Amino acid sequence: MNTHRRLLGFAVPALLLGSALALSACSAVAPTEPVSTDKTLVYASGDAEPTCLDPHVGGNYPQSLLAAQFLEQLVSENKDGEFTPWLAKSWTTSPDGLTWTFTLADNVKFSDGTPLDAAAVVRNIEHVQDPETKSSTGYLALAKVSKATATDAHTVTLNLSQPDSALLESLSQPWLAIESPAGLARSQDENCQAPIGTGAFVVDSWKRQDSVTLSRNPHYTTGKGEPALAKITWRFIPDSATRIAALRSGDVQMIDNAQPDTIAASAASDEIKHLDAPRPGSVNRIEFNSSRGPLADERVREALVRGVDVNAGIKTLFFGTATRSYSPLSSVEKLGFSEPKLFDTDVNAAKKLLDEAGWVPGTDGIREKDGQKLSLKFPVSTNQSIPAEQSLFEQIQEQAKGLGIAITITPLDLSSWYEALGKNDYDLVSAPYTKVGPDVLRILYHSAGITPAPSGYFANHAQVNLPALDDLLTRAAETGDQTERASLYEQAQKTILEGYYILPLYDQQNHFLYSGKLTGVGEVNSVGNPLLRGVSFAG
Amino acid sequence: MRIGGAILVLWAAATATFFAVRLIPGDPAQAFLGGPGSQASAEALARVRAENGFDLPLWQQYLDYLGRLLRGELGTSYSLHAPVSEVVGEQLAGTLELALWSLVIAWVIALGLALWSVAGGPVAARIAAGIEMTAAVLPHFWLGSVLILLFATGLGWLPAIATPDARGIILPALTLAIPLAGFLAQLLREALQDAAAQPFVLTARARGESHASVFARHTLRHAAGPAIGLTGWAFGSLMSGAVVVETIFARPGLGRTLVSAVQVRDVPLVIGLTLVAAAAYLVVSVLSDLAERALNPALRIRTEAGAGA
């Protein structure tokens, strides 16, 4: 069943991606048509402008989109989920899984002319682990790495405190990209302005609230040939209507955060093409806070899941651009496990479950128990939920009312939303989480994720607290046996789905639209950032 | 006297902003360390609180803040990791350029509309009044989107977003100018009709001056006074309109920077931007006041007489 859904879910994006990759490979190796090499591509990003261009600092998705153009990682992931060499040409693991040895690619230079050597990699790992760097994403990913050593000029040894089955997945992420030690030696403010890497482009300048200018790295050796674009102007255009208008009028050639209606409207024309690059890690889902109130009762959670039909809403609100998910993991995760039959809509069964749980309809139609109304709080982050998703939540709210459940949706800015979560003042919540590999399950559903960090942040919003699940996730994160790993993650996902802790919706949407004049678009890294190194203007 | 008033306005703006930004939800120390959702350690948070005085009582923070302002220190932006004065310096030119162009375009449209309505008789006056009323109430975000659809996506004449060449400023400036023009034209037309009935106009005509000369030297001069006096106010409204327009057209400037500063709770930057906007508004309103005085002898005489008494 898993394979079946996987095939369906994958067919279209894989075909698109496959053909685009083939195209980019063609144009790089033996151009079939002439390409211009003096062109500037203008990219319009709808994400917030990063406050620092070094993805070691903090570490969010907007940073990765940009950094993917000028920084590279030790390993890469192909579309079959296999890890392939990048800055490291090979690696080995000790039998106990506690020692990893990476051999670096030969003759790679940073754009400042200094060579990529083992000392540089060690310096990068230390930089991410240094509290002064204020790394969050990269820091967490290296949690089990206790020591990095340069064994010789081109060999790096990582010593781990515990075996880490997710290490390669972690190292493929842009938040652990390798930068020039000379760049890192500067002050943080300086390095934030223009980090130095080995990527296809280099950062020329950054005009705040406007754009970042990148230019071709003439010494680029780690890809297939020299990049065709001379420059990239990376603009920040927060308004989605302006972004698509600028693409249609030719002012820009590529946009991100494309909205469902514009993707559907562009499908008919050849002038604008679509790249769908779902993010890895978690799916977009509604999490049920199982630590308090009515949703502590599994029957109420199940009633909510089975009493609402989200498929029709997803189809209409997303214009066919989003595919329904029945898994805790993104469709790009090879170890994702789906159980669609759990989510079959049956309103009568749902009502019966609520009756059994002791919630009986009151005079206003809302159910009651011991004088308590069955009302649920749903704080929604307007920064993270696009308008189509907010409409979907409203449809769910309407359908829940029919079951006798009152859901109060509160749209909030990011700070207020985190505050509501920190105070445990929510019953339903939807939060994205991007990470390569199934280890994201440990972050989101291990009971350790309930304890907030000093900042108030915690990741286990469903507040799942099951020792058996903790055990599965810990063992899965440590095993070196791939078959055992897959089986443990399948059991973990079954537990999460069958306990009705989440209502999976669809992959974290990551849609790009680009001008039909571009060729070679389609190559993406392990987190779904498009790589523009193979892109050129046709003719 | 005027300088005293200006200082009072700046102090009020600084005070209001200082307390208003504290109403934005969220922890300032966390905002300093990368915003909500950051995984800052307890030690880092404590250090930032102590370094920035977030742990002091509010009145003490306020006094410290006023003291720093008096020394001309605007502080460092949390989110951009740069001195606020530097950020403001970078962003001010874009907004001033936009506001000035909008003002010029608004005046040209308003004058054209008002003259046509006065010269064209009652039907023209009625049509002009309708246009003015409609233009004056158009929301910037709607107008901006319509102009983009029409001139950028549809006709392809102008870029939808700010470009290095001058063409990029036309649509954003028009978006700000059209509602303002509606407002100014309304004011001008009424003043023109009012001035045409003034005795000095009749006297000038009786002296044998031509119709055109009377219009330019007396009627228009008399009528333009109040509208010019309002330019200070208009400039203020353009600065607030810039928040929307700079975001829609992806133009760098104070307005757009303010939006992102509020979103990430960047207190020093919000305060710095607000103060600079208040100062710019003050400068322009003093200038427009002086211009109105220069145009209208009656105002000069009244003040001089008042000062003498």
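Just the heavy atoms: all of them, side chains too, but no hydrogens, waters or symmetry mates, feed the values below. A, B, ... follow the sequence lines: proteins, then strands. Residue 1 opens every chain. As the structure is a computational prediction, the values presented were derived from the model and not from experiment.
- The nearest pair of heavy atoms linking B:Pro252 to A:Arg208 is CB-O, 4.4 Å.
- Listed by sequence position, A:Pro238, A:Asp239, A:Thr242, A:Ala245, A:Ala246 are the residues of residues 238-246 of chain A in contact with chain B, using a 4.5 angstrom heavy-atom cutoff.
- When heavy atoms are compared at a cutoff of 4.5 Å, B:Ser145 does not approach chain A at all.
- The heavy-atom pair separating B:Arg256 from A:Gln209 by the smallest distance is NH1-O, 2.8 Å.
- Only the side chain of B:Gln91 comes within less than 4.5 Å of a heavy atom in chain A; its backbone stays farther off.
- Few gaps surround OH on A:Tyr61; more than 12 heavy atoms of other groups in view lie less than 6.0 Å from it.
- Each of B:Thr257, B:Val259, B:Ile148 has some count of heavy-atom pairs under 4.5 Å with chain A, and the biggest count is that of B:Thr257.
- Using a 4.5 Å cut-off between heavy atoms, A:Glu132 touches chain B through its side chain atoms alone.
- A donor-acceptor pair under 3.5 Å links the side-chain atoms of A:Asp251 to the main chain of B:Ala160, judged by distance alone.
- Separation of atoms OG (A:Ser249) and CD1 (B:Ile161) is listed at 7.0 Å; rounding is to 0.5 Å.
- With a 4.5 angstrom heavy-atom cutoff, A:Val252 touches chain B only via side-chain atoms.
- For A:Glu190, the CD atom counts as densely surrounded, since its 6.0 Å shell holds more than 12 non-hydrogen atoms of other residues, nucleotides or ligands.
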